[in-house]
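To start, the structure under review is shown below, and the notes come after it.
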Amino acid sequence: MFKSVLRACVVLAACILAACSPKLNWRTVQSPEQRYTALFPGKPDKLERLIPYQDQEFKQTLEAVKIDDDIYSISSLQVPSNQSDSAQKIIDQLHSNLLERAKASGGTVLTEDVFYQAGSHQRLPIKDYFIAFSSNSKAQQTMRVRWIVRSVEGGGVWIYQVSVLHANADSSDAKVALSKEEYANFFNEFHPE
């Protein structure tokens with residue numbers, strides 16, 4: 001009798017585990033070329049391209065994964081030491097492009113002071129932006145984004161954009177919606193070197 005009860009429990013446990021396949025399959029992604037480590041909720045795709053800025057081109061690398069209505073992405077841009085004076089202008093342009101688009105759509109932008117942890121385990125202050133993009137006075141997409149600028153030895157600068165874009169938003173309160181654990185993990189576990 002004990003063996004049959006044990007066998008029934010094992011079969012029941014196997015059925016429960018098979019039915020509970022999680023949609024978020026967290027994995028650590030190391031990107032030594034872009035000098036960061038991140039925790040993605042699935043295997044990200046990687047794309048590289050050259051982006052023009054004034055009379056120059058910079059190499060941008062994007063790693064992203066789509067899970068249902070969410071796109072988790074990390075964009076990295078290396079500004080060489082001989083052009084590092086352009087870094088602040090580039091970050092300002094990234095900010096204004098996204099934030100102005102949100103405001104033009106009738107959306108909202110909220111900020112929150114937070115910390116991120118560098119690869120050296122040093123906690124550094126940063127801002128998170130919670131953005132609601134609207135159409136017809138209704139939130140259509142929400143986004144949480146963080147821009148990090150890191151200087152590297154020998155000059156040069158890395159610019160990172162860590163973001164989650166949520167489509168089919170059912171609320172215009174991006175801060176509440178995108179502060180849930182599955183989003184917080186992605187932001188908290190991004191560590192630039």
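Positions are given from 1, in the same order as the sequence printed here.
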Review point. Does some side-chain heavy atom of Val65 sit less than 4.5 Å from a side-chain heavy atom of Ile71?
Key: no
Check your understanding: What pairs with Asp68 under salt bridge (charged side-chain N to carboxylate O under 4.0 Å, His left out), at least two apart in sequence or on another chain?
Key -> Lys23
Point to revise | Set of salt bridge (charged side-chain N to carboxylate O under 4.0 Å, His left out) partners for Lys46, sequence neighbours left out | key: Glu33
Point to revise | Residue pair Thr142 / Phe130, side-chain heavy-atom distance below 4.5 Å | key: no
Check your understanding: Quick one: are Leu39 and Arg27 in side-chain contact, heavy atoms under 4.5 Å?
Key -> no
Exercise for review: Check whether any side-chain heavy atom of Tyr36 lies under 4.5 Å from a side-chain heavy atom of Glu193, and answer yes or no.
Suggested key: no
Using atom types as modelled, flag every donor-acceptor pair under 3.5 Å from a side chain in residues 157-164 to any protein atom, sequence neighbours excluded.
{"residue": "Tyr160", "atom": "OH", "partner": "Gln34", "partner atom": "O", "Å": "2.6"}
{"residue": "Tyr160", "atom": "OH", "partner": "Arg35", "partner atom": "O", "Å": "3.3"}
{"residue": "Gln161", "atom": "OE1", "partner": "Trp147", "partner atom": "NE1", "Å": "2.8"}
{"residue": "Ser163", "atom": "OG", "partner": "Ser73", "partner atom": "OG", "Å": "3.0"}

Check your understanding: What pairs with Asp113 under salt bridge (charged side-chain N to carboxylate O under 4.0 Å, His left out), at least two apart in sequence or on another chain?
Key -> Lys127
Run the side-chain donor-acceptor check on residues 117-126: report pairs under 3.5 Å with partners two or more places apart or on a different chain.
{"residue": "Gln117", "atom": "NE2", "partner": "His121", "partner atom": "ND1", "Å": "2.8"}

Check your understanding: side-chain contact (heavy atoms from CB on, under 4.5 Å) with Ala102: which residues, sequence neighbours excluded?
Key -> Val109, Ile131, Phe133
**Study point:** For the student: nearest non-hydrogen atoms of Ala132 and Ala174, plus distance
**Key:** N-CB, 4.4 Å
Check your understanding: Between Phe187 and Arg144, is there a cation-pi geometry (under 6.0 Å to ring centre, at most 45° from the normal)?
Key -> yes
Check your understanding: Are side-chain heavy atoms of Thr28 and Thr37 found at a separation under 4.5 Å?
Key -> yes
Review point. Are Ser76 and Gln60 close enough that a side-chain donor and a side-chain acceptor fall under 3.5 Å?
Key: no
Check your understanding: Do Asn25 and Pro41 touch side chain to side chain, with heavy atoms closer than 4.5 Å?
Key -> no
**Study point:** With Glu100 via side-chain contact (heavy atoms from CB on, under 4.5 Å) - residues at least two apart
**Key:** Ser96, Lys103
Review point. Which residues pass the side-chain contact (heavy atoms from CB on, under 4.5 Å) test with Ser81, sequence neighbours left out?
Key: none
Review point. Going by the salt bridge (charged side-chain N to carboxylate O under 4.0 Å, His left out) test, which pairs reach into residues 48-57, not counting sequence neighbours?
Key: Glu48-Lys59
Review point. Is the shortest heavy-atom distance from the side chain of Thr61 to the side chain of Leu47 under 4.5 Å?
Key: no
Check your understanding: For the residue pair Tyr72 and Trp26, does the interplanar ring angle fall in the parallel (under 30°), tilted (30 to 60°) or perpendicular (over 60°) class?
Key -> perpendicular
Point to revise | Residues in side-chain hydrogen bond (donor to acceptor under 3.5 Å, both in side chains) contact with Gln30, at least two apart in sequence or another chain | key: none
Check your understanding: Are Tyr116 and Arg146 side-chain neighbours, meaning at least one heavy-atom pair lies under 4.5 Å?
Key -> yes
Review point. Given the rule that I, L, V, M, F, W and Y join up when any side-chain heavy atoms are under 4.5 Å apart, are Leu62 and Val29 in one cluster?
Key: no
**Study point:** For Phe40, all residues meeting ring-ring contact (aromatic ring centres under 6.0 Å, His included), sequence neighbours excluded
**Key:** Phe186
Which donor-acceptor pairs under 3.5 Å do side chains of residues 176-184 form with protein atoms, sequence neighbours excluded?
{"residue": "Ser179", "atom": "OG", "partner": "Lys175", "partner atom": "O", "Å": "2.6"}
{"residue": "Tyr183", "atom": "OH", "partner": "Asp70", "partner atom": "OD1", "Å": "3.3"}
{"residue": "Tyr183", "atom": "OH", "partner": "Asp70", "partner atom": "OD2", "Å": "2.8"}

Exercise for review: Apply the test side chain to side chain contact (heavy atoms under 4.5 Å, CB included) to residues Val79 and Phe58: give CA-CA distance (whole Å), side-chain angles for both, the deciding distance (0.1 Å), then the verdict.
Suggested key: CA-CA 7 Å; Val79 181; Phe58 296 101; 4.0 Å; yes
